[in-house]
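Reviewing the structure listed below.
Numbering starts at 1 and runs along the sequence shown.
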Amino acid sequence: MRYELIIFDNDGVLVDSEPISNVLLAAYLTELGHPTSYEESLRDYMGAAMHRVHDLVEERTGQRLPADFDEVFHARVFAAFERELEPVPGAVQVLEKLAADGVPYCVASSGSHERIRVGHRKTGLDRWFDEGRVFSSQDVGRGKPAPDLFLYAAERMGVAPEKCVVVEDSPLGVQAAVAAGMDVYGFTAMTPADRLAGATRLFSDMGQLADLLV
């Protein structure tokens, strides 16, 4: 293995949550008077922490989202997760192989700790991630595309940034990994390859990742 630490994004990489959450986000913003399509939600918010939603809406409209926006949105998302969420095809096999080979890995997500845990419990991925392997944008001051989260995860895992690789499916995540001085493998199952420009390499099948890392 050429890397000493594999850092996974969560949404869209480990759990197939991006279609669910972006449908709901687009609908809620539209409901609040900020018309947003599913495609626009993916373009503007995929891979981002919630503060980006607030910042962009205020920047574009001069209006602030309701104080309970995050609470209401997450309640809707978690309810949908319980009904629909599945692991990304191939993710379990990758984690099984990394664990069997003793390769260190963790997850570093723009989502909250609660969102990560809800998704992992529903999909059964919680067996692969104890508390010491889970990092959230809540843990740092700035979310992606800032490098802070990935640098924090590497520091906590005791690995130098240049010896890490990030697995990402969003342009913001790729930017963050590059800014952190890490290699980044761009997962193109949902995101067009040209939007992940800057990735060290691109791949479309999560089941192939373990072999690509060798």
Nearest heavy-atom neighbours spanning [X] and [Y]:
X	Y	answer
Val140	Asp148	CG1-O, 3.9 Å
Ala197	Val174	O-CG1, 3.9 Å
Ala99	Trp128	CB-CZ3, 4.0 Å
Met182	Ala154	CE-CB, 3.8 Å
Thr188	Leu196	CG2-CD1, 4.0 Å
Pro19	Tyr38	CA-OH, 3.5 Å

Using a 3.5 Å cut-off and no angle test, enumerate the donor-acceptor pairs between side-chain atoms of residues 206-214 and protein atoms at least two apart in sequence or in another chain.
none

Item to check | Verdict with supporting geometry, Val13 and Val88, side-chain contact (heavy atoms from CB on, under 4.5 Å) | outcome: CA-CA 6 Å; Val13 170; Val88 166; 5.7 Å; no
Checklist entry - What residue pairs, at least two apart or across chains, pass salt bridge (charged side-chain N to carboxylate O under 4.0 Å, His left out) with a residue in residues 81-100? => result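 Counting only pairs at least two positions apart or across chains, the salt bridge (charged side-chain N to carboxylate O under 4.0 Å, His left out) contacts touching residues 81-100 are Lys97-Asp101.
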Checklist entry - According to the salt bridge (charged side-chain N to carboxylate O under 4.0 Å, His left out) rule, which pairs have a member within residues 70-79, sequence neighbours left out? => result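 Listed by first then second residue: Glu31-Arg76.
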Common cluster, [X]/[Y], ILVMFWY with side-chain heavy-atom separation under 4.5 Å:
X	Y	value
Val23	Met50	no
Val166	Val103	no
Leu85	Phe73	yes
Val77	Val53	yes
Leu172	Leu25	no

Just wondering, do [Y] and [X] contact through their side chains at under 4.5 Å, heavy atoms?
X	Y	value
Glu131	Arg117	yes
Val15	Phe81	no
Leu32	Gln63	no
Val92	Leu125	yes
Phe8	Val94	yes
Asn10	His120	yes
Arg115	Ser21	yes

Within this structure, what is the [atom1]-[atom2] distance for the pair [X] and [Y], rounded to the nearest 0.5 Å?
X	Y	atom1	atom2	result
Leu14	Leu95	CG	CG	6.0 Å
Ser137	Ile116	OG	CD1	8.0 Å
Asp55	Leu65	CG	CG	10.0 Å
Leu202	Phe187	CG	CZ	11.5 Å
Leu29	Ser37	CG	OG	10.5 Å
His34	Leu56	NE2	CG	12.0 Å

Ignoring hydrogens and angles, tell me if any N or O in the side chain of [X] forms a donor-acceptor pair with the backbone of [Y] under 3.5 Å.
X	Y	result
Thr30	Thr36	yes
Ser109	Ser136	no
Thr200	Tyr185	no

Next on the checklist: Looking only at side-chain N and O atoms, does Ser17 offer a donor or acceptor that is under 3.5 Å from a partner on Asp11?
Outcome noted: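 A donor-acceptor contact under 3.5 Å links the two side chains.
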Checklist entry - Take atom CZ in Arg2; do more than 12 heavy atoms of anything else shown fall under 6.0 Å from it? => result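 Yes, because the 6.0 Å sphere around CZ of Arg2 holds more than 12 heavy atoms from other groups.
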Next on the checklist: I'd like to check the ring-ring contact (aromatic ring centres under 6.0 Å, His included) partners of Phe150; sequence neighbours left out, ordered by chain and number.
Outcome noted: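 Residues passing ring-ring contact (aromatic ring centres under 6.0 Å, His included) with Phe150: none at all.
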Scan the side chains in residues 42-49 for donor-acceptor partners under 3.5 Å anywhere in the protein, sequence neighbours excluded, and list what turns up.
| residue | atom | partner | partner atom | Å |
| --- | --- | --- | --- | --- |
| Asp44 | OD2 | Arg60 | NH1 | 3.0 |
| Asp44 | OD2 | Arg60 | NH2 | 3.3 |

Next on the checklist: Using 30° and 60° as the class boundaries, would you call the ring planes of Phe129 and Tyr105 parallel, tilted or perpendicular?
Outcome noted: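 Plane angle over 60°, so perpendicular.
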Checklist entry - Between Arg156 and Asp139, is there a salt bridge with N-O shorter than 4.0 Å? => result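 Here Asp139 does not pair with Arg156 in a salt bridge, since their nearest N and O are not under 4.0 Å apart.
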Checklist entry - What pairs with Glu114 under side chain to side chain contact (heavy atoms under 4.5 Å, CB included), at least two apart in sequence or on another chain? => result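 Side chain to side chain contact (heavy atoms under 4.5 Å, CB included) list for Glu114, sorted by chain: Phe78, Ser112, Val118.
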